[in-house]
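Take a look at the structure below.
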Amino acid sequence: MKEIEALVHRHPDKLTIETMKSKNKGYAAEIPVVTYRRGRNNIDDTSKFRILLSFGQHGRELITTEVALRILLILSEEHLLPHMDRASLNNTLDKLVIKVVPMENLNGRRLVEGGDLCERRNGRGVDLNRNWSVDWGKKEKDYDPYEENPGFAPFSEPETQIMRKIALRFDPHIWVNVHSGMEALFMPYDHKNTTPDGEIAQQMKLLLEELNHLHCHSRCMIGSGGGSVGYLAHGTATDFMFDKARVPMAFTFEIYGDEAASSKDCFRMFNPTDPNTFNRVLSDWSAAFFTIFKMGPEYLDETEFHPKSNVDKLVSIDEYLEGYLIERSSRYGKKREVFDLGMQEMRTYFRLFLLSSVLLMFMFCSRISKNKFTRPLVSAISI
């Protein structure tokens, strides 16, 4: 992170960094977000193609953050991609705004660097990739509470609250959540053994097949996370991005895994341990992302992205109470409003409203009852 901060400082014409903070029930977290934008005088992100990349969601997957650093080095022109024409690359980058979250799980990463090399969860033991709202909390027969603790509610963790806010404000066209543990290129869904329907899903798969051929040497598994990994994952970031945030192309990449490693040797299982493999992973996967930067807009241009339902207009009341309201009339250029209301505040106001309604009703009924029984009685017999 110090290296990334120094890199941003050296290239203020291309890079900016913002640290976003949040806390809940005594637990605090922060996430640094680096934005790449050529020619910072043009700050209108809505006119450009927007890409959001997240690395380091699981603490033990250290190699992912190294790829984030390599991507930023290439974007700043301090590192060159082999066999790539810089003028052509710059022409592509002029049309993009790229947000990079180099290390989503800082607190979990600190636990790993402190010696707990198998820790994937955040600083209070929650798996950040199970804390999102799509199919949250469902437990499969092989559920492992240590590995997959979803938290006490959707978006209970400050890290997922921050990431949701980033996504809803930025409104990306492409989202990639980067992990390690195997070599795979996944599209939705994680919580069920299906892929989305329609032309946009076909374009997603075509893009993944191109990446597999060019950069994964045809080794990568392709398909839905739920249908390919061998288990279903509920409450994942990518399913939320596709289903709720309405990101047209939402992916999960698995960039490295050592299948021969012992389950007790987490460092080796999730991270390359020799220089040659380390450099190969950085080269192959940083190049893969620049292929996305170039080809992603082309693949989306080949199809008109149509929202799947009237959810595009207004999300359900459940999602509203979970913390936000989305209103969007179209994917490109039209007005879109996001109210990040906060679930705790909404629940508090709702409870106060119910309490005040009950109290008013009680007072009204008491007044009626009092008037009924204290009214003077009139004798039926005249005296």
Side-chain angles (χ1 to χ4, degrees), residues 49-54 57 129-138 140 154 160 163-164 167-168 170-179 182-213 216 220-254 288-289 291-292 295-316 318-319 322 324 326-332 336:
F49 194 89
R50 300 175 297 282
I51 298 175
L52 177 58
L53 311 176
S54 178
Q57 189 180 52
N129 207 29
R130 301 293 185 274
N131 191 234
W132 298 74
S133 63
V134 175
D135 216 36
W136 174 88
K138 184 175 180 180
E140 297 292 325
T160 47
M163 290 302 301
R164 179 183 63 185
L168 295 178
F170 186 50
D171 193 22
H173 298 88
I174 293 178
W175 149 269
V176 186
N177 193 10
V178 186
H179 290 268
M182 61 190 302
E183 289 183 304
L185 298 162
F186 292 140
M187 57 191 289
Y189 291 97
D190 297 323
H191 70 283
K192 54 186 177 181
N193 185 8
T194 60
T195 56
D197 297 324
E199 191 174 357
I200 189 66
Q202 296 175 12
Q203 296 299 321
M204 292 168 70
K205 188 173 182 182
L206 287 173
L207 178 57
L208 294 184
E209 289 173 346
E210 189 75 14
L211 293 172
N212 188 30
H213 172 70
C216 202
C220 283
M221 189 181 301
I222 293 178
S224 70
S228 304
V229 177
Y231 63 87
L232 300 181
H234 306 276
T236 67
T238 294
D239 281 0
F240 173 87
M241 294 296 178
F242 188 76
D243 254 9
K244 302 300 181 183
R246 318 302 295 166
V247 178
M249 289 188 167
F251 302 116
T252 301
F253 288 0
E254 297 272 354
F289 279 101
T291 296
I292 290 176
M295 300 183 69
E298 297 174 3
Y299 273 85
L300 271 179
D301 279 346
E302 290 179 9
T303 179
E304 290 186 23
F305 178 71
H306 295 289
K308 290 178 286 187
S309 72
N310 60 4
V311 172
D312 193 59
K313 289 288 185 181
L314 193 67
V315 299
S316 70
D318 291 335
E319 293 295 336
E322 277 172 8
Y324 67 92
I326 300 176
E327 182 177 347
R328 181 186 299 163
S329 55
S330 108
R331 166 48 70 184
Y332 299 105
R336 195 262 306 184

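The structure presented is a predicted model; accordingly, all values stated were derived computationally and were not measured.
Considering Leu207, Leu211, Val178 in turn, Leu207 is the only one that fulfils the side chain to side chain contact (heavy atoms under 4.5 Å, CB included) rule with Phe251.
The CE atom of Met163 lies 5.5 Å from the CE atom of Met241; values are rounded to the nearest 0.5 Å. One finds the CG atom of Asp239 at 11.0 Å from the CE atom of Met187 (value rounded to the nearest 0.5 Å). Atom OG of Ser54 sits about 13.0 Å away from atom CZ of Phe253, to the nearest 0.5 Å. Taking CD1 of Ile222 as the reference point, atom CG of Asn212 lies at 4.0 Å (rounded to 0.5 Å).
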Quick one, Glu298 with Asp301, criterion side-chain contact (heavy atoms from CB on, under 4.5 Å). Give me CA distance, side-chain angles, the key distance, then yes/no.
CA-CA 5 Å; Glu298 297 174 3; Asp301 279 346; 5.6 Å; no
What's the verdict on side-chain contact (heavy atoms from CB on, under 4.5 Å) for Thr291 and Phe289, showing C-alpha distance, side-chain angles and the deciding distance?
CA-CA 5 Å; Thr291 296; Phe289 279 101; over 6 Å; no
Kindly determine whether Arg50 and Asp171 satisfy side-chain contact (heavy atoms from CB on, under 4.5 Å), including the steps that lead there.
CA-CA 7 Å; Arg50 300 175 297 282; Asp171 193 22; 3.7 Å; yes
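Two residues are said to be in side-chain contact when any heavy atoms from C-beta on lie closer than 4.5 Å; Ile174 and Ile292 meet this criterion. In this structure, Glu210 and Tyr299 have side chains that are in contact, with non-hydrogen atoms separated by less than 4.5 Å. In this structure the side chain of Leu300 reaches within 4.5 angstrom of the side chain of Met249, judged on heavy atoms. Taking the side chain as every heavy atom from C-beta outward, Met204 and Phe242 approach each other to under 4.5 Å. Looking at Glu140 and His234, their side chains come closer than 4.5 Å, going by heavy atoms from C-beta outward. Contact annotation: the side chain of Trp132 approaches that of Arg164 to within less than 4.5 Å [non-hydrogen atoms, C-beta and beyond].
Taking the side-chain contact (heavy atoms from CB on, under 4.5 Å) definition, one finds that Thr238 meets it with Trp175, Asn177, Pro188, Asp190, Ala250, Thr252, sequence neighbours left out. For Ala184, the side-chain contact (heavy atoms from CB on, under 4.5 Å) partners at least two apart in sequence or on another chain are Met182, Phe186, Met221, Glu254. For His191, the ring pair (Phe, Tyr, Trp, His ring centres under 6.0 Å) test picks out Tyr189, with sequence neighbours left out.
Remark: the backbone N or O of Ala237 is paired with a side-chain donor or acceptor of Asn129 at under 3.5 angstrom. Arg130 contributes no side-chain N or O that, together with a main-chain N or O of Thr236, makes up a donor-acceptor pair within less than 3.5 Å.
Looking at every heavy atom in both residues, Pro196 comes nearest to Ala201 through O-CB, 3.2 Å. Nearest heavy-atom pair across Pro248 and His173 is CD-O, 3.4 Å. Nearest heavy-atom pair, Ala245 versus Leu168, reported as atom, atom and distance to 0.1 Å: CB-CD2, 4.3 Å. Minimum heavy-atom separation, Asn193 to Ser224: OD1-OG, 4.2 Å.
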